[in-house]
Amino acid sequence: MKRILVTGGAGFIGSHLCEKLLNEGNDVICLDNYFTGSKANIAHLLGHPYFEVARHDVTMPFFAEVDEIYNLACPASPIHYQYNAIKTVKTSVMGAINMLGLAKRVKAKILQASTSEVYGDPKVHPQTEDYWGHVNPIGLRACYDEGKRCAETLFVNYHRQNGVRIKIARIFNTYGPRMLPDDGRVVSNFIVQALSGKPVTIFGNGSQTRSFQYIDDLVEGLIRLMNSDDEFTGPVNLGNPSEFSILELAEKVMKMIPGCNITPDFKPLPEDDPMQRQPDIALARKKLEWEPVIPLDEGLKHTIDYFAKILKR
Ligand code: NAD
Ligand code: UDP
C-alpha cells in the first residue's frame, strides 16, 4: 500500500484522482484550502478507512510521511485564478517549493499538474513538448501561465540538483462531473447555461479552438505517468487531440440538450485568449502507452447528466 498526498484533492481533477487511487488500494491524504474545491466533491470518500483530509494551504510548509505526491493545488479557471493574481503566483511557486521540499526530505516521487497554458497563444500547432511557448509575462493570464512555468523550472532543478524523482504533466482542457456550475470554463458554462434555458456565451466569434479531454482519461494518464520509469520525468502532454472550435462545441451542447435552441450571446474575446490549442500526444503514446478513449459526445453526455442532477437540487 502506497501513502499518497494529493494537493488540491477536493477540486475537480483532484477528487477524481483521490477516488481512483483509493479504489486501487492506496492510502490517500487529500490536502486542500477549499478556494475552488469543496467538501461535497469528496464527501463520498470520507468514510473510507484509508482516506484522510487536511485543510491546508500549499503556500505554507506541510509535513507528512508519504511515498508519492500529486501537486494539483491551484485554481484552474481564468475567473478564479485572476480573482487574486498574486495569490495564484504564490500558490504555484511557493506551493511547488514546499511540496518539492517535502518530496526531497521524505524521498517521495512528485508529479506536477502543469498546463498547456505554458505554450501561451502557440505559434506551433499542434503543440509538442519541445515548443517553448508564446506567453505574455505581464498579461491577465500571466499569474497562472508564468506561475506554472516557474513551477516546472523548480521541478527540473530539484531533480538536477537534489535528485528528486519528478514528473511533469502538461494537462490540456479537461472537463467532466464535479466542475463547479459557476466555474467559468467553457464546457461547464455552456452546459449550465443551456440547461437553465439561457443563451450560451461565446467569447469572440467562436473560431478559437480547444481540444477537450474527459476527466477519466486524464486520471488514467496521470497515474501512468507517476508509475512510469524514474528516468522519464516529462514534461509530457496529456490531452485529447480531437480539436473543436468553440462554436462547434456550442452547437454540440445545444443539440444534446432538448428544447435548447436559443441564439448564442456573443461577448468580447478576453485578453490573450489563445486562438488554437491541440496536444501532440506522440510522447505519451510512446512512454505511457496512453491515449484518450472517451470521445467528446460521450463525455459531454456524462457531464450534462451530472449538471442536470445537481441543478435540480
Ligand atoms: P480546481 O479549481 O477544481 O482544483 C484546484 C484545487 O486546488 C481546489 O480544490 C482548490 O481549492 C485547491 N487550491 C487552490 N489553491 C490552493 C492552495 N493555495 N492551497 C491548497 N489548495 C489550493 O481545478 P482543476 O481543474 O481540478 O485543476 C487541478 C490542477 O490541474 C490545477 O493545478 C490546474 O492548474 C491543473 N490543470 C487543469 C486543467 C483543466 O482543464 N481542468 C488544465 C490544465 C491544468
Ligand atoms: N469561452 C467562451 N464562453 C464561455 C467561456 C469560455 O466562449 O462562457 C471561451 C474562452 O474565451 C476560450 C475557450 O472558450 O477561448 C476556453 O475557455 P476556458 O476558460 O474553458 O479554458 P482556457 O481558455 O483556459 O483554455
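For reference, positions follow the sequence shown, starting with 1. When a ligand or atom number is given, it counts from 1 through the structure's own listing order. In this text the structure is predicted, and so the values were computed from the model without any measurement.
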Do [X] and [Y] sit within salt-bridge range, that is, some charged N less than 4.0 Å from a carboxylate O?
| X | Y | value |
| --- | --- | --- |
| E117 | R277 | yes |
| E152 | R149 | no |
| D297 | K255 | no |

If we ignore angles and hydrogens, is there a donor and acceptor under 3.5 Å between the side chains of [X] and [Y]?
| X | Y | answer |
| --- | --- | --- |
| K287 | S228 | no |
| Q193 | T201 | yes |
| E243 | S211 | no |

Would you mind listing each N/O atom of ligand 1 next to any protein N/O under 3.5 Å, plus the distance?
from	atom 1	to	atom 2	distance (Å)
ligand 1	2 (O)	T36	OG1	2.6
ligand 1	3 (O)	F12	N	2.9
ligand 1	7 (O)	C74	N	3.4
ligand 1	9 (O)	G11	N	3.0
ligand 1	9 (O)	D32	OD1	3.1
ligand 1	9 (O)	D32	OD2	2.5
ligand 1	9 (O)	G37	N	3.2
ligand 1	11 (O)	D32	OD1	2.6
ligand 1	11 (O)	N33	OD1	3.4
ligand 1	11 (O)	F35	N	2.9
ligand 1	11 (O)	T36	N	3.0
ligand 1	11 (O)	G37	N	3.0
ligand 1	13 (N)	N33	OD1	3.3
ligand 1	18 (N)	D57	OD1	3.0
ligand 1	18 (N)	T91	OG1	3.1
ligand 1	19 (N)	V58	N	3.0
ligand 1	21 (N)	N33	N	3.2
ligand 1	21 (N)	N33	OD1	3.3
ligand 1	25 (O)	R185	NH1	3.0
ligand 1	25 (O)	R185	NH2	3.2
ligand 1	26 (O)	F12	N	3.4
ligand 1	26 (O)	I13	N	2.8
ligand 1	32 (O)	L72	O	2.8
ligand 1	32 (O)	K148	NZ	2.8
ligand 1	34 (O)	Y144	OH	2.6
ligand 1	34 (O)	K148	NZ	2.9
ligand 1	40 (O)	T174	N	2.8
ligand 1	41 (N)	R185	NH1	2.8

Exercise for the section: Could you tell me which residues satisfy side chain to side chain donor-acceptor pair (under 3.5 Å) with S196, sequence neighbours excluded, listed by chain and number? Expected result: none
Taking only distance into account, with no hydrogens and no angle test, what donor-acceptor pairs under 3.5 Å do side-chain atoms of residues 98-107 form with protein atoms, sequence neighbours excluded?
from	atom 1	to	atom 2	distance (Å)
N98	ND2	V58	O	2.8
N98	ND2	T59	O	3.1
N98	ND2	M94	O	3.2

Practice task
Kindly assign one of parallel, tilted or perpendicular to the pair Y119 and Y131, based on the angle between their ring planes and the thresholds 30° and 60°.
Solution key: parallel
Report every pair formed by an N or O atom of ligand 2 and a protein N or O atom separated by less than 3.5 Å, giving atom names and the distance to 0.1 Å.
from	atom 1	to	atom 2	distance (Å)
ligand 2	3 (N)	T201	O	2.6
ligand 2	7 (O)	F203	N	2.8
ligand 2	8 (O)	N189	ND2	2.8
ligand 2	8 (O)	T201	O	3.2
ligand 2	8 (O)	T201	OG1	2.8
ligand 2	11 (O)	D273	OD2	2.7
ligand 2	15 (O)	Q208	NE2	3.0
ligand 2	15 (O)	R210	NH2	3.3
ligand 2	15 (O)	D273	OD1	2.5
ligand 2	15 (O)	D273	OD2	3.4
ligand 2	20 (O)	V186	N	2.8
ligand 2	21 (O)	N173	ND2	3.3
ligand 2	23 (O)	R141	NH2	2.9
ligand 2	23 (O)	R210	NH2	3.1
ligand 2	24 (O)	R141	NH2	2.9
ligand 2	25 (O)	N173	ND2	2.9
ligand 2	25 (O)	R210	NE	2.8
ligand 2	25 (O)	R277	NH1	2.6

